[in-house]
Every structure is written in structure tokens, then in C-alpha cells.
Amino acid sequence: MAGRIVVAEQQIHEPGYVQAHYPAAINELHQLTQNVVMTRPFEGDTDDFLCWLEHLLAFEGVPVWRRNLHRKEHPVVCPSCALSLEIDLSYKGPGTRRRNPNARFQVAGRESPIVSAVRPTDPVDLPPLASRLHEVAVRAEQSAAAVHLTHLFGSTACPDCDADFSVSDQVVIFQS
């Protein structure tokens with residue numbers, strides 16, 4: 001519960017408010033969370049593990065990734081042609097599709113088809129934060145979470161202009 005509160009703090013306070021006002025509690029919660037995610041094997045499913053990683057990042061004050069590690073759809077924009085896209089990292093398999101920017105919601109099963117695959121990044125090429133999270137997932141025997149992180153920090157191509165781009169870079173831009 002404390003993790004979810006800190007993850008959502010930006011909805012109530014400016015970023016860093018909780019860390020600045022409650023440093024001792026945040027440090028203790030951070031240590032407890034580290035202990036949980038370092039458990040071998042982690043007792044829970046992939047979604048639970050990704051949630052715990054988000055909490056860990058929230059206690060560390062890491063923006064964006066403290067609420068975007070889950071296997072879900074991420075609305076983004078092609079950096080080359082500005083086409084509205086959706087990167088689907090949910091259970092169906094990683095891919096990119098065109099998105100209707102005017103649609104308020106999608107009817108289940110009615111989303112447009114995957115057009116471009118998401119290519120995972122080799123774990124040795126992950127950026128430092130992603131590399132650390134991947135290593136934690138591997139140590140905790142959470143192979144599905146480790147694979148998910150290679151896709152989240154992987155790349156894809158725009159279905160219209162074929163421009164390659166980083167999934168994580170576009171998630172950061174769209175969520176900032």
C-alpha cells in the first residue's frame with residue numbers, strides 16, 4: 001500500500017514531496033522492498049513482481065518507470081512522422097499498432113491489429129536502470145519479467161514510415 005501511495009504522489013503533490021518529508025520512512029520502505037524483490041525465488045507472479053519493482057523505483061524517486069513497468073499498452077507517437085501509435089506489451093505479445101487518437105476507449109477485442117513487432121534489446125545492451133531491473137528479475141527467477149523488460153527497453157518501427165525508434169524513449173516522452 002505504501003508503494004502505491006508513493007507511486008501516485010504526483011496526483012496529489014509535486015514530485016519528491018513524500019521523499020523530502022518522510023526520508024526515514026521512505027528509506028525503511030525501500031530496504032524492505034529490496035528484500036522482497038531479491039527473494040529467490042520471488043513468491044508471486046510476473047505482474048506482482050513488476051508492481052514491486054515499480055514500488056522500489058518510487059521509493060528511489062525515479063520518475064516515469066515507477067508507474068510504467070507493467071505489461072500493458074503504451075500510447076506513443078512516432079518520432080519521425082507523428083503517427084499516433086500504441087505499443088502493446090500486454091499478454092498478447094509485444095507489438096506496435098496504429099491508434100485512433102480521438103478514441104476515448106477501445107472495445108475489448110476491437111483494437112487494430114499488430115503491424116510491427118517489438119524487438120527486444122539484448123540484456124547486455126540495456127541502459128543502466130533497465131539492466132539493474134533485469135538483473136534483479138533474473139536473480140528472483142522471474143524470467144517472464146526479465147523478458148518483458150528487454151521488450152520495454154527494446155525497439156520497434158512505425159507501421160507508416162518504417163522509422164525505427166526506442167520503445168522506452170517514446171514511453172518517457174509520452175508519460176512526461
Side-chain angles (χ1 to χ4, degrees), residues 1-13 15-19 26-27 29-77 79 85-97 99 106 111 114 116-156 165-176:
M1 178 63 114
R4 294 287 13 130
I5 291 168
V6 176
V7 165
E9 81 169 316
Q10 291 178 334
Q11 295 172 356
I12 301 168
H13 304 288
Y17 176 89
V18 175
Q19 285 86 350
I26 293 297
N27 286 336
L29 290 166
H30 180 260
Q31 186 60 49
L32 292 169
T33 303
Q34 270 189 319
N35 293 343
V36 169
V37 298
M38 294 301 213
T39 302
R40 291 182 201 181
F42 176 82
E43 296 294 327
D45 66 15
T46 302
D47 293 324
D48 291 339
F49 185 76
L50 292 169
C51 188
W52 278 97
L53 287 181
E54 285 185 344
H55 296 171
L56 183 70
L57 297 178
F59 296 136
E60 293 174 1
V62 175
V64 179
W65 299 116
R66 66 205 244 157
R67 64 185 179 281
N68 285 297
L69 292 181
H70 277 87
R71 298 184 291 185
K72 63 181 184 179
E73 296 85 15
H74 296 276
V76 299
V77 173
L85 302 170
E86 182 175 73
I87 299 174
D88 189 343
L89 297 176
S90 67
Y91 306 93
K92 301 169 197 156
T96 303
R97 65 172 63 97
R99 180 173 171 268
Q106 292 281 354
E111 62 268 342
I114 295 294
S116 301
V118 172
R119 297 175 304 280
T121 295
D122 188 306
V124 299
D125 296 327
L126 287 168
L129 175 66
S131 179
R132 178 173 65 107
L133 297 175
H134 183 270
E135 194 173 297
V136 169
V138 169
R139 274 195 227 138
E141 300 176 18
Q142 286 289 314
S143 58
V147 168
H148 168 70
L149 291 166
T150 65
H151 284 99
L152 182 59
F153 289 88
S155 60
T156 192
F165 61 90
S166 163
V167 171
S168 60
D169 287 351
Q170 292 310 304
V171 169
V172 168
I173 289 168
F174 202 81
Q175 295 296 322
S176 297

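Since the model is a prediction, treat every value here as computed from it, not as a measurement.
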*Assign the ring pair F42 / F49 to parallel, tilted or perpendicular, where the plane angle (0 to 90°) is split at 30° and 60°.*
perpendicular

_Would you compute the distance between atom OG1 of T156 and atom CG of D88 and round it to the nearest 0.5 angstrom?_
11.0 Å

_Taking every non-hydrogen atom, the tightest pair across V138 and A146_ = CG2-CB, 4.0 Å

*Would you give the length of the straight line joining atom CD1 of I26 to atom OG1 of T33, rounded to the nearest 0.5 angstrom?*
9.0 Å

*For E86 and R97, work out which heavy atoms get closest and say how close.*
OE1-NH1, 2.6 Å

*Roughly how far, to the nearest 0.5 Å, is the CG atom of D47 from the NZ atom of K72?*
11.5 Å

*Which atoms form the tightest heavy-atom contact between P123 and T150, and what is the distance?*
CG-CG2, 4.1 Å

*Please round to the nearest 0.5 Å and tell me the distance separating atom CG of D169 and atom CZ of F153.*
9.5 Å

*pair L133-W65: side-chain heavy atoms closer than 4.5 Å*: no

*Closest heavy-atom contact between R40 and A140?*
CG-CA, 4.5 Å

*Where E60 and R132 come nearest, the two heavy atoms and their spacing*: OE1-NH2, 2.7 Å

_4.5 Å side-chain heavy-atom contact, T46 and R71_ = yes

_Main-chain N/O of V124 paired to H134 side chain as donor or acceptor, under 3.5 Å_ = no

*asked:* Go through it in stages, so that I can follow the logic: the residues are Q31 and N35, the test is side-chain hydrogen bond (donor to acceptor under 3.5 Å, both in side chains), and I'd like the CA-CA distance, side-chain angles, deciding distance and then a yes or no.
replied: CA-CA 6 Å; Q31 186 60 49; N35 293 343; 3.2 Å; yes

*CG/L56 to CG/L32 distance, rounded to the nearest 0.5 angstrom?*
11.5 Å

_Minimum side-chain heavy-atom gap Q170-H74 below 4.5 Å_ = no

*State, yes or no, whether a side-chain contact exists between L149 and L69 at a heavy-atom distance under 4.5 Å.*
yes

*Side-chain touch T39/W52, heavy atoms, less than 4.5 angstrom*: no

*Heavy-atom closest pair, residues G44 and Q142*: O-NE2, 3.4 Å

*Looking at CG of N68 and CG of L50, how far apart are the two atoms once the value is rounded to the nearest 0.5 Å?*
11.5 Å

